[in-house]
Structures are given as structure tokens and as C-alpha cells.
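See structure below.
Residue numbers begin at 1 in each chain, while the letters A, B, ... track the order of the sequences.
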There are 2 protein chains.
Amino acid sequence: MGSCIIEKFGYYTDLNQYEKDILAAFEDSKESFKAGENISSKGDAFDNLYIIHEGWAYVSSNLDKKLRSIFDIRLNADFVGASELSFRRRLYDFYALTDVTVCPFPKHRLDDMFTASPKLRDIFIMIMSREKAIANERIMSIGRRTAVERVAHFLLEVALRFDMVGGKPKQTFDFPLTQEQVGDILGLSPVHVSRAMTNLRENAYITYNRSTVTLLDEERLLNLSGFNPTFLEKPRSDMNYDSDDVCGCSGN
Amino acid sequence: MGSCIIEKFGYYTDLNQYEKDILAAFEDSKESFKAGENISSKGDAFDNLYIIHEGWAYVSSNLDKKLRSIFDIRLNADFVGASELSFRRRLYDFYALTDVTVCPFPKHRLDDMFTASPKLRDIFIMIMSREKAIANERIMSIGRRTAVERVAHFLLEVALRFDMVGGKPKQTFDFPLTQEQVGDILGLSPVHVSRAMTNLRENAYITYNRSTVTLLDEERLLNLSGFNPTFLEKPRSDMNYDSDDVCGCSGN
DNA sequence: CAATTATCTTAACTTAGGTTAAATTAACAG
DNA sequence: CTGTTAATTTAACCTAAGTTAAGATAATTG
């Protein structure tokens, strides 16, 4: 297997040789972290981005000793740092959720990359757009949905994001998050996450154990949570700045 | 006054003649809307961005008949649409909050602009970064702060954002949002926003009337709300992709 | 400027979700 | 295996915020 960066960029677009050459110019290292390890911290120098090579990670910030927000999880081929690009220091903490391997990606080389390839530049903008859409959906969840709706919505989001980075749509998927972490993502206490998940199980929406979730009835889950997949629209390699909806995948 | 786009871009960076020429190539129109008017809607074709020329606007989405989230307000020189750039259709509704004048900005010309000027391209990325930082701060507020803390935090945010687009720091500022709208931003009921604001007034943090807010003690407000201005760090014209913190304005 | 409508406040009451703690269950280390 | 620790569940209780509604205040309109 060749370059990690080329491989993961390849999830977002079809790369020609020219683009591969540009990406090959980045050092191609991998770093591994054990579950729970801190990868980088708020206030640190912000020298490189990461691409997730394998495993789960998350971006978070502590409000105080007791309270924490997890802003998002990072799965295979997700970027870390893209949305903070213009800040000189890291705005958030970044942790390994499972054992994880990341590919660092020097930030100072991005300028050249953007200039050399508008397509790679647009991939970047696309990734930032998508992260923002996910963040807004989270604001909607935390602000206006009930606990059960929030959990249902989040599970659908994870399933869909999973599918997008190499997998086939599947009802059963890996779910290494603890309920406490789910609470920090959705603005709930761990006890109430348990209540919500028990509720979803008792009403035959899902089954789960400590590391796996199965969606039993996606249709009903979509209904329950008001999930609209538009915000996760598959990033497209043929992005342009015109608006005709060739793929027909958007809508309301 | 010349081009709206050149003027507003000028808030973010010092423009040389070359950059002004690039921006001058955009059509320079203004559109005005009355308070409450819809400017664009979820699902619409996404042909142009907007820059706020004057007045307040907001970006929102309805969950159902009763529930709405307002994702953010838009003030002078703010962009609308930057963070959704790679979507073909609009993801959110966009409304005039006060009487407002916006400068539309054709999306299909951005590609040329980004290619012609890395600096203008970086301004764009900077704006997206900043919007994301604000969104994450909102997630933290809604998910983990009490109602009083949320309102205090939001008022500080508005005051600071105000200052950044042309104003001098001031304790007293225009605040045309209704308490219902504040509730839709912060995930609260209008009644509880009233309680929170009354609380802040009774404890001598602020005074306010229907259209103005005065911060009486910024220090105590910062403390109360756990506000850290890093996330609003003034966008810099000298953005580069290195991390040494010349301006010393970040940090934990 | 009178009348209507929108916004804000206050009060009384309800509820979703938080807290604490104890009991299960699962994972893990030796 | 076995003892220990971490994660989940359940229960009892508590509180922040939601709801409804009535009254007060401000803004807008004819």
C-alpha cells in the first residue's frame, strides 16, 4: 500500500497522476496512539493536520473539571484540523478513542497544494463545508431534539458516515463510544444516554452491546429523529460552483 | 463609496490594487430586504453568496411547525453561504432580522478568484474557520452551559463581533433580536430567555431594553459565562500556514 | 392618538433530564 | 480463572428549563 495521504484523498475524488504527484510530495508518515491517548491539545502549536488512517478519534474541549463537549468524532479518512486552518494554535483537544493510526500532514505545504491543484483545494473546502453541516445538525439536535431523538439521529449519522468511507451500508456497525462520550457529544448525562438507548431497544429500533450497534428499522429511526441525509451528501469529485443538481441527491 | 465587495473584503485584509481588480470583476449589486423577509430558502438553487452590507440577518432551519434552530446571526461584512460552498442547494433558510442590505456575490466566479489570488482564497478559508469555531462554541453553550451562562456568553460574543467589523469596543450596542430568536439560537424557550436576562439585570451584569444591551461589568460576565475570546480571534490578513503566534492573541 | 398587535414579564405548574447511588454486567490484568 | 476496574442499568429523588396563561409594556398601524 502506498501513501496514506493519497489513499485517503482517493476516497473523496478520483486522483490523476498529477494530483498524486502533488500529494506524494508530503511526507508520508503514520503515528499510532493507544485508546484514550491525547494526540494534541488546545493551545498547542498547530503545525499539521491529521488524516485518520484507522480507528476512531474525537475532538473535544473541557468547560471545567466536570463538563466536557465532544464536538465530533473522526473516522477513517476524516481530517482533523481542516476547519481550524486559519488559527495559529489548536482550538481543541484531540484524543484517540480506540487505538488509532493517523497520518500527519504538514500545514505549511497546503498553500502550495491549493495553488497547484484547484481540485485538491476544492476537496478541502468540501470537507470544511461538510464539517460545518454536521456541526449545524448537532446544534439542532442539542438545542431542539429530545434525548431519544438525539441518540437516534446520531446513530444514523454514524452509520451513514461509516458507509461513506469505504464500507457498504450495513445495519450492524462498530460502536466503540461509551455512553458517557455519547453524552458529551449530545449534551446529555451518561445516565440519560442509557435511558434513551434502553428506550430505543425496548421499542425495537435498535439492538446493541458494548461495542456494536444494530439498526433494526432505519425507516422508523429516520422518522423518529427527523433525520435528513442531505447534510451528509457524499462529497463529490466533480464539485463546481454552479448549482444544477445533477446527482439529484439533495432536495429538502 | 465604491464596490460593496471590495469595501467588505477590506475589513479582513489590506487589499492591493491587484486584489481590488479581481474583486471589481464581480457584479456589484445590492439588494434590500425588510425586517422579517425571507432572503433565500433551504433547497433553493445556490447561485450566490451574500455579504452583509447593512443590518442584521440570520441563518436558520425549522425542525417542525413549532421548533426552529437559528444557527447564527450575520452582521456587517459577514458572509452568507461560505460554509456551505460545496453544496449544490442551500442547506438553510436565510432571513432579514432587521431591514438589511446584502451584496450578492456569484458563486461560479469564486474558482477564478481563488486561483488568481491565494490571499483572497485564504480570507475565505479564514472565514469558514471562524464560522466553525463559533458553531463549536455554540455546541458547548447549548450542550453544557446553563441558561444564564448561555445568554451571557452570547451577549459577549455579539459585542465582540460587533467591534470587529468597524466599531470600537463599546458596552452599549444595538440588539434587535427578540427573546424568542435568542431562544432559537441558544436552545431555550422564550420565557426562559426572559428569566435569564432578568436574572442578569437583577445581578447588575447588564441592562437592556427592547433594542439595546449594555454590558455593565465585562469582567464578571466573562467569568460567569466562561468566555474565552480565542475562538473569535480577529481574522488576519497575514495568515500563513505556520504556527508561531506572532500576535500573541491566542493561547488557552 | 386610539386601537391593535408584538414582545416581555411574572406566576403557577409540569416535565425532561440531571444527580446520586446501588446493583449488574462486561472487560481486563495478573 | 479470579480479582479488579470500567461501563451500563435501574431506581429514587431533584432541579433547570418548558408550558400555559394572564398581565404589563412597548411598538405599530389606521
Phosphate OP1/OP2 of C/dC8: any B/R195 side-chain N/O under 4.0 Å: no
Between C1' of D/dA16 and CZ of B/R150, the distance in whole Å: 9 Å
Residue-phosphate contact under 4.0 Å: A/Q179 side-chain N/O, D/dT9 OP1/OP2: yes
Nearest-nucleotide pick for A/R210, side chain only, options being C/dT25, C/dG18, D/dT9: C/dT25
Heavy-atom closest contact (B/V80 atom, B/F94 atom, distance): CG2-CZ, 3.4 Å
A/L91 to B/A133 - nearest heavy-atom pair and separation: CD2-CB, 3.9 Å
Position toward the 5' end of DNA chain C (nearest nucleotide), A/S211 or A/V148: A/V148
Whole-Å gap separating C1' (D/dA17) and CG (B/L67): 14 Å
Sugar-phosphate, base or nothing in reach of A/V193, heavy atoms under 4.0 Å: nothing
Any B/T178 side-chain N or O less than 4.0 Å from OP1/OP2 of C/dT7: no
Distance in angstrom units between A/R145 CZ and C/dA16 P, rounded: 18 Å
Point-to-point distance, once rounded to the nearest 0.5 Å, from CZ of B/R68 to CZ of A/R144: 9.0 Å
Nearest-angstrom distance from the residue atom CG of B/L177 to C1' of C/dC8: 15 Å
B/T146 side-chain N/O to D/dA16 phosphate OP1/OP2 under 4.0 Å: no
Residue closer to the 5' end of DNA chain C, A/V191 versus B/P190 (nearest nucleotide): B/P190
Nearest-angstrom distance from the residue atom CZ of A/R201 to P of C/dT25: 12 Å
Atom pair distance, as rounded to whole Å: CG in A/L200 and P in D/dT8: 15 Å
B/T198 side chain, from C-beta outward: closest of D/dT8, C/dG18, C/dT9: C/dT9
Sugar-phosphate only, base, or nothing, as touched by A/G187 at under 4.0 Å among non-hydrogen atoms: sugar-phosphate
Output field: ring centroids B/F71/B/Y92 closer than 6.0 Å: yes
Nearest to side-chain heavy atoms of A/S194, which nucleotide of C/dT9, C/dG18, D/dT8: D/dT8
Rounded distance (Å) that lies between atom P of C/dT10 and atom CD of B/E202: 7 Å
OP1 or OP2 of C/dT9 under 4.0 Å from side-chain N/O of B/Y208: yes
Test applied, ring pair (Phe, Tyr, Trp, His ring centres under 6.0 Å); reference residue, B/W56; option that passes from B/F33, B/F173, B/F162: B/F162
Length of the line joining B/H192:NE2 and C/dT15:C1', which is rounded to integer Å: 13 Å
